[in-house]
Amino acid sequence: MSKKLFLDTNIILDFLGEREPFYLPSAQLATLADHKKVKLIVSPISFATVNYFLTKSEGISNAKEKLRKFKILCEIAAMNESILEKALNSDFEDFEDALQYFCALYSKCDIIITRNQKDFKHSLLPVMSAEEYLKSL
């Protein structure tokens, strides 16, 4: 069974925005998903945030087209009242990080992939950068 990797918003922005020097590891994760070696799990909040930033830099149509193509590679995590309640009552300093974390837990992810590991210091799940995960394979 393939690992379920929860992608934090910054990893998706690295990939779709082709942000150097972070693009290559994020693209390698996408390739692993395309080859069915991992499952990428993404919260709906990440789609909204990534759309916002890509629209500013690339325009509405390019942003939506990139998100449509990316959607094929990933599964969308549930966002429900229970996740919202847990995030509101958690020790996370950043509410968005709390929402991401509880989405990952609810989706039974194996690992959270992010460039901001300090944001998930209370995580019960392993937290790695894309590079660290790729080196672990």
Side-chain angles (χ1 to χ4, degrees):
M1 176 129 158
S2 59
K3 292 261 188 213
K4 291 174 82 172
L5 308 180
F6 185 88
L7 298 187
D8 194 14
T9 304
N10 54 54
I11 302 297
I12 304 162
L13 271 170
D14 292 344
F15 176 55
L16 297 181
E18 299 176 35
R19 299 193 307 187
E20 293 298 346
F22 311 108
Y23 171 71
L24 185 58
S26 62
Q28 290 170 322
L29 292 178
T31 299
L32 288 174
D34 190 41
H35 293 152
K36 311 286 187 234
K37 296 192 187 309
V38 298
K39 285 186 179 180
L40 303 180
I41 313 298
V42 177
S43 82
I45 289 171
S46 291
F47 269 78
T49 304
V50 169
N51 180 67
Y52 173 80
F53 285 108
L54 288 180
T55 296
K56 288 179 92 153
S57 62
E58 301 184 26
I60 294 169
S61 60
N62 280 350
K64 283 198 176 169
E65 186 58 26
K66 282 186 171 187
L67 286 168
R68 279 188 205 99
K69 288 178 180 174
F70 179 66
K71 163 92 179 48
I72 295 166
L73 294 176
C74 62
E75 294 177 17
I76 307 306
M79 177 68 65
N80 60 33
E81 188 172 351
S82 171
I83 289 168
L84 184 68
E85 282 290 330
K86 287 176 181 172
L88 284 170
N89 294 298
S90 73
D91 291 334
F92 280 81
E93 292 174 25
D94 184 282
F95 181 60
E96 191 260 348
D97 292 333
L99 287 169
Q100 298 282 51
Y101 173 69
F102 289 105
C103 279
L105 274 184
Y106 186 85
S107 298
K108 297 181 175 30
C109 291
D110 297 299
I111 302 167
I112 295 173
I113 306 293
T114 183
R115 273 195 293 106
N116 298 326
Q117 289 160 284
K118 67 183 181 341
D119 294 342
F120 296 93
K121 63 184 172 221
H122 300 292
S123 178
L124 298 175
L125 297 172
V127 180
M128 300 177 145
S129 67
E131 295 89 342
E132 288 170 330
Y133 178 75
L134 293 165
K135 285 179 187 169
S136 76
L137 297 179

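In what follows, residues are counted from 1 in the order of the sequence shown. These numbers were taken from a predicted model, which means no experiment stands behind them.
Among all heavy-atom pairs drawn from K64 and N51, the shortest one is CG-OD1, 4.1 Å. Here the closest heavy-atom approach between residue A87 and residue S90 is recorded as O-OG, 3.0 Å. Shown here for S2 and K36, the closest heavy-atom pair between the two residues is CB-O, 4.2 Å. Across all their heavy atoms, S43 and C103 have their closest contact at CB-SG, 4.0 Å. In terms of heavy atoms, L40 sits closest to L73 at CB-O, 4.0 Å. Taking all atoms of both residues into account, the shortest heavy-atom contact from P25 to P21 is CD-O, 4.2 Å.
Without hydrogens or angle criteria, S26 side chain to Y23 main chain gives a donor-acceptor distance under 3.5 Å. For the pair K4 (side chain) and S107 (backbone), a donor-acceptor distance under 3.5 Å is present. Here the side chain of D8 pairs no donor or acceptor atom with the backbone of I11 at under 3.5 angstrom.
Between atom CD1 of residue I113 and atom CD1 of residue I41 there is a gap of 12.0 Å, rounded to the nearest 0.5 Å. A distance of 9.0 Å separates CZ in R68 from OG in S61, rounded to the nearest 0.5 Å. Once rounded to the nearest 0.5 Å, the distance linking NZ of K37 with CG of L137 reads 10.0 Å. Note that CD of E131 and CG of L24 are 9.0 Å apart. Values are rounded to the nearest 0.5 Å.
Using a 4.5 Å heavy-atom threshold, the side chains of K71 and I76 count as touching. Taking the side chain as every heavy atom from C-beta outward, Q100 and I112 never approach each other to under 4.5 Å. Put simply, the side chain of L29 does not reach to within 4.5 Å of the side chain of F15, judged on heavy atoms. Between M79 and L84, the closest side-chain pair of non-hydrogen atoms is not below 4.5 Å. In this structure the side chain of L125 never reaches within 4.5 angstrom of the side chain of F6, judged on heavy atoms. L5 is not listed as a side-chain neighbour of L32, based on a closest heavy-atom distance of 4.5 Å or more. Within the 4.5 Å cutoff, no side-chain heavy atoms of S46 are placed close to those of F70. Counting heavy atoms from C-beta outward, L67 and L16 have side chains that approach closer than 4.5 Å.
Applying the ring-ring contact (aromatic ring centres under 6.0 Å, His included) test to every pair with at least one member in residues 71-115, sequence neighbours left out, gives these pairs: F92-Y101. For residues 95-124, the salt bridge (charged side-chain N to carboxylate O under 4.0 Å, His left out) pairs, not counting sequence neighbours, are D14-R115, E93-K121.
Placement of L99 and F53 in two distinct hydrophobic clusters is found when ILVMFWY residues are connected by side-chain heavy-atom separations under 4.5 Å, directly or transitively.
Around the CD1 atom of I60, the shell of radius 6.0 Å holds no more than 12 heavy atoms that belong to other residues, nucleotides or ligands. The number of heavy-atom neighbours closer than 6.0 Å to CD of E81, taken from other residues, nucleotides and ligands shown, is 12 or below.
Listed by chain and residue number, E132 satisfy the side-chain hydrogen bond (donor to acceptor under 3.5 Å, both in side chains) test with Q117 (two or more places apart in sequence, or in another chain).
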